[in-house]
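Because only heavy atoms are used, hydrogens play no part in the values below, and waters and symmetry mates are left out as well, while side chains stay in. For this chain, numbers begin at 1 and follow the sequence in order.
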Amino acid sequence: MGAWTDLPGEFLAGVDPAHPHETDMCALMNGLAANRRGQSYLLWAQYQSIAVMYDRLVAAREHTGGFVMDGHADCAARIARQEGISRRKAETLIDEAITLRDRLPEVAETLRDGIASDWQIRLIMSRTDLVDTDSAIAPILDTEIAHLLRSRKGVWDRARLKDMVDRLVFRHDPDSVRERRREALDKRGMWTHNLEDGTAEITGVMSAENVRIAAKAVLVLADSVCRHDGRNRNQRNSDAMFALLTGIAFECLCDQEDCTAVIADPDAVLATVSTQVVIHVVSEPATLSGAPGIGFLDGHGIISGEHVRDLAARPDAFLKPVVPPRIRPTRVEYTRGDATENDDTVIFQGSQPADPYRPTAACADFVRIRDGYCTEPGCTRSSFDCDLDHVTEYDPTDPGRGGVTASENLNAKCRAGHLLKTHGDWIDVQYRDDDGRLVTEYVTPEGVTLHGDAETLEDMFPNLRRIRFEQAAQAPPGPRVLDAEDTPRRARTRLAAKLARRRAERARNRRQREALLEAERRTYQDTPPPF
């Protein structure tokens, strides 16, 4: 069967069935990207057809239909029977097609061009649902969202895409967002649902900060068992949650006589956790003072300025500036030839004086605030639950060769991503582009470059770009003077140096593995077979 000629060629990719193992890894990864763009194009084509059907069956018969079988019902019935889906799903497809055509036409074009995927388009539609199609805000939002989708090369996962759309909606229509928060809080409640095999689930809807506090209490109690407890994390969390809700004792199930677990009373856990807001909220000082603005709630995303002030007004909230208040920063003044450029960037000490490998507490907090999430593409774990990683590896034997402990060379990685970076063959690079945005890229062992995240908290709070944390030896006591003749130049690029170092490490690891395999082979040959 030949290729589908109606689909643009750039959306077609695959594996030759006759020679599946001859396709290299780079072609396979590029094929996945092409197939994803093709799926977006097909969904756009489906929406186009549905929109035309809507015009013929609904708009043209708006005042002629009956009470039961009107044009909308006729259109939904055709789609449902053609696609073999429910009538409700068909009605959803109609709503989405009309929304893209009338309210988000430029965003719809990103779907056509394979830039946005199906779930991304649906998320954008849901986050802009409060914006009236006939309002002056709708075309502005449409243009700005489409521009960011096209102009940024990074990955848009669900959390970062939601944050991007929300901050634009907050900026243009804060009243609608506040109303949406009130409506959402009015819908809070608790529900139960029976599952199979004698189990059931319980769901509670409440404010985001209350969920974080409740979840923290469950984790604190669940993690108080000893290492010999046979339950996995989810099982311990379930038992701990039941203990907190009912007040019964939570016990370690290790069956060890010398168990070292110190199990706190559920009431004591609740009292300890509830005495402070165990979440992080980032916002501008002006927003706290009542000016229009937004905030970022750790583990949740964008929140309104009103929500920020509500959290700040809690008696157990603690307000802390991003920059160290007792440390005098160094302002940077760059001088090149006769031209002097004054920059508002301020520099603080990034590493601990006694251990240049470890960042200061202020530097670590700043990096987590700046990243917001794990920097692994697609990972939405909070940066406050992540490790801090030196993008260019720190060399303890010769720190001058390795990466410095500075905010520009640190980022947040989840434990799995950190281990893959440390023990695997992947390489990541972090730099600022021509627009001053912090960009992260990942290079596979085969050499395929994958872009990192398209949105960071620097895009929400641009003042974060003015802050730098550097090692003490690199934090200048005064203005820097950089003449063109004196400017040091690299013998090779930073990426090339890193690739060379990682290649040497991989070669050493490969030699060790081959030596172990050879030793095992010889041992097997020298061992007589059993009778």
Give a yes or no on whether the backbone of Phe469 and the side-chain of Ser407 come within a donor-acceptor separation of less than 3.5 Å. yes
For atom CZ of Arg36, is the number of surrounding heavy atoms from other residues, nucleotides or ligands below 6.0 Å larger than 12? yes
Using the rule given for side-chain hydrogen bond (donor to acceptor under 3.5 Å, both in side chains), can you reason through Thr128 versus Arg103, listing the C-alpha separation, both sets of side-chain angles and the distance that settles it, and then say yes or no? CA-CA 9 Å; Thr128 59; Arg103 178 155 54 89; 2.7 Å; yes
What's the shortest heavy-atom distance between Ile294 and Ser283, and which atoms? O-OG, 3.2 Å
Report yes or no: does Lys421 contribute a side-chain atom to a donor-acceptor pair with the main-chain N or O of Val391 at less than 3.5 Å? yes
Would His147 and Glu106 count as having a side-chain donor-acceptor pair, cut-off 3.5 Å? no
Are the side chain of Arg468 and the backbone of Arg465 linked by a donor-acceptor contact shorter than 3.5 Å? yes
Report, as yes or no, whether the 6.0 Å neighbourhood of atom CZ on Arg415 holds more than 12 heavy atoms from other residues, nucleotides or ligands. no
Interatomic distance, CG@Asp157 vs OG1@Thr380, rounded to 0.5 Å, equals 6.0 Å
State yes or no: are the ring centers of His390 and Tyr357 separated by less than 6.0 Å? yes
With heavy-atom distances below 4.5 Å as the criterion, would you say the side chains of Thr92 and Arg88 are in contact? yes
Considering only heavy atoms from C-beta outward, does the side chain of Val205 approach that of Lys187 to under 4.5 Å? no
Go through it in stages, so that I can follow the logic: the residues are Ser207 and Asn210, the test is side-chain hydrogen bond (donor to acceptor under 3.5 Å, both in side chains), and I'd like the CA-CA distance, side-chain angles, deciding distance and then a yes or no. CA-CA 5 Å; Ser207 66; Asn210 286 346; 3.0 Å; yes
Nearest non-hydrogen partners of Val225 and Glu251, listed with the distance: CG1-O, 4.4 Å
Specify the closest pair of heavy atoms between Leu149 and Thr110, including all atoms of both residues, with the distance to one decimal. CD1-OG1, 3.9 Å
Would you check if the distance from the ring center of Tyr54 to the ring center of Tyr47 is below 6.0 Å? no
Please report the closest heavy-atom contact between Thr287 and Pro292, naming both atoms and the distance. OG1-O, 4.2 Å
What heavy-atom pair brings Ala406 and Glu470 nearest, and what distance separates the two atoms? CB-CA, 3.9 Å
Find out whether Ser86 and Lys89 are in side-chain contact, i.e. whether some heavy atom of one side chain is under 4.5 Å from a heavy atom of the other. yes
dist Leu93:CG -> Ile50:CD1 (nearest 0.5 Å) comes out at 4.5 Å
For Asp113 and Ile115, indicate whether the former's side chain and the latter's backbone hold a donor-acceptor pair under 3.5 Å. no
Rounded to the nearest 0.5 Å, how far apart are CZ of Arg122 and OG1 of Thr99? 12.0 Å
How long is the straight-line distance from CG of Asp166 back to CG of Leu161, given to the nearest 0.5 Å? 9.0 Å
With rounding to the nearest 0.5 Å, note down the distance linking CG in Leu457 to CG in Leu438. 12.0 Å
Checking Tyr373 against Asp163 for the side-chain hydrogen bond (donor to acceptor under 3.5 Å, both in side chains) test, could you report, in this order, the C-alpha distance in whole Å, the side-chain angles of both residues, the deciding distance, and whether it holds? CA-CA 11 Å; Tyr373 303 95; Asp163 290 344; 2.6 Å; yes
With side chains defined as the heavy atoms from C-beta onward, is the minimum distance between Arg381 and Cys386 less than 4.5 Å? yes
Taking the side chain from Arg188 and the backbone from Leu185, do they hold a donor-acceptor pair closer than 3.5 Å? yes
Do Gln120 side-chain atoms and Ser117 backbone N/O form a donor-acceptor pair below 3.5 Å? yes
Please check if the side chain of Arg152 supplies one atom and the backbone of Ala454 the other of a donor-acceptor pair under 3.5 Å. yes
Starting at CD of Gln48, measure out to CG of Leu111 and round the result to the nearest 0.5 Å. 9.5 Å
Please give me the minimum heavy-atom distance between Glu455 and Asp459, naming the atom from each residue. CA-OD2, 3.5 Å
